[in-house]
Amino acid sequence: HGNIYYDYDESYYFELTTDLDFSQEGNFTSIGSYSNPFMGRFIGNGHKISNIQIIDNYYTNHSIYDYFNPTNHSYIGLFGCISKNIHGTQEADTAAVIGLGIENATIEGYSNVGGIVGYADNCTIKDCYVSNSTIKADYYTEDWYLIRNKEDHANVGGIIGTMGDGVDVSFCYTTND
């Protein structure tokens, strides 16, 4: 799937009308990035996305450039980055993910890795869950020692990897059977 540039704005509205099963699909690219965050609304209507694989890390996508720029593999989740105001320009108050489930997913990256969103800033995440999923970050220190899932470095979360300012999270949970 590679790198896809999305031109999002605050007027985008997406609504899930059925469950989605990605078991027959390949690797999925996160929606939105730090430089181009998702600023619209995604309404899941209580539906789930299952068996999705979002892997963007040193082990699967590496080049010499990546070793010197590891943040290329940051901001990983179904939504890599969601914000209405990440770059200081206030957008309409619409950035949100509401009523979405993620099940049996594999989500891996360098840092800022979450089941729903890798990095959330000035947005709403409501009525979402992540279940029976593997969410992992591989963070390398300046001395190139691998630190797995250390929250003081890698920023990993079941729902959100990292929260910036003005994030409203309510009625969300994670489980593993």
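For the single chain, residues carry numbers from 1 onward in sequence order.
- For the pair T175 and Y173, the tightest heavy-atom approach, listed with the atom from each and the gap, is CG2-CD1, 3.7 Å.
- Transitive grouping of hydrophobic side chains (ILVMFWY, heavy atoms separated by less than 4.5 Å) keeps I135 and Y129 in distinct clusters.
- The backbone N or O of G118 lies less than 3.5 Å from no partner atom in the side chain of N112, so there is not a single donor-acceptor pair.
- Put simply, the side chain of I160 does not reach to within 4.5 Å of the side chain of I116, judged on heavy atoms.
- Scanning for side chain to side chain donor-acceptor pair (under 3.5 Å) contacts around Q53 gives an empty result, with sequence neighbours left out.
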S74 vs S111, side-chain contact (heavy atoms from CB on, under 4.5 Å): CA-CA, chis, key distance, verdict: CA-CA 5 Å; S74 295; S111 71; 3.1 Å; yes

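- A donor-acceptor pair under 3.5 Å is formed between the side chain of D21 and the backbone N or O of S23.
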side-chain contact (heavy atoms from CB on, under 4.5 Å) between V113 and K136, intermediate numbers included: CA-CA 7 Å; V113 181; K136 181 171 74 170; over 6 Å; no

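- Side chains of T134 and T106: no donor on one and acceptor on the other come within 3.5 Å.
- Shown here for I98 and R41, the closest heavy-atom pair between the two residues is CD1-NH2, 3.4 Å.
- Minimum heavy-atom separation, C128 to I125: SG-CG2, 4.1 Å.
- Between E108 and I76, the closest heavy-atom pair is O-CG2, 3.6 Å.
- Residues L78 and F171 do not share a hydrophobic cluster, clusters being chains of Ile/Leu/Val/Met/Phe/Trp/Tyr side chains in contact below 4.5 Å.
- Heavy-atom minimum distance, S133 versus A105: OG-N, 2.9 Å.
- Side-chain contact check for I43 versus L100: every heavy-atom pair is 4.5 Å or farther apart.
- Within 6.0 Å of CG on N176 lie more than 12 heavy atoms contributed by other residues, nucleotides or ligands.
- The shortest non-hydrogen separation linking V167 to A120 is CG2-O, 3.4 Å.
- E103 has its side chain out of reach of N132: every pair of non-hydrogen atoms, C-beta onward, lies at least 4.5 Å apart.
- If you chain together hydrophobic residues whose side chains sit under 4.5 Å apart, F79 and I52 fall into the same group.
- Between the side chain of N27 and the backbone N or O of I55 there is at least one donor-acceptor pair closer than 3.5 Å.
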Please report the C-alpha distance between Y119 and D121 in whole Å, then the side-chain angles of each, then the deciding distance to 0.1 Å, and finally whether the side-chain contact (heavy atoms from CB on, under 4.5 Å) criterion is met. CA-CA 7 Å; Y119 184 83; D121 185 75; 3.7 Å; yes

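- Here the straight-line distance linking atom NZ of K126 with atom OG1 of T124 works out to 8.5 Å at 0.5 Å rounding.
- Between F28 and F22, the ring-plane angle classifies as perpendicular under the 30° and 60° cut-offs.
- In this structure a side-chain-to-backbone donor-acceptor pair under 3.5 Å is present from S30 to G77.
- In the hydrophobic cluster analysis, where Ile, Leu, Val, Met, Phe, Trp and Tyr join through side-chain heavy atoms closer than 4.5 angstrom, I159 is grouped together with I54.
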Are V169 and M163 close enough, and set up right, to give a side-chain contact (heavy atoms from CB on, under 4.5 Å), and what steps lead you there? CA-CA 10 Å; V169 180; M163 286 196 320; 3.7 Å; yes

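- Atom NZ of residue K48 and atom OG of residue S131 lie 9.0 Å apart, to the nearest 0.5 angstrom.
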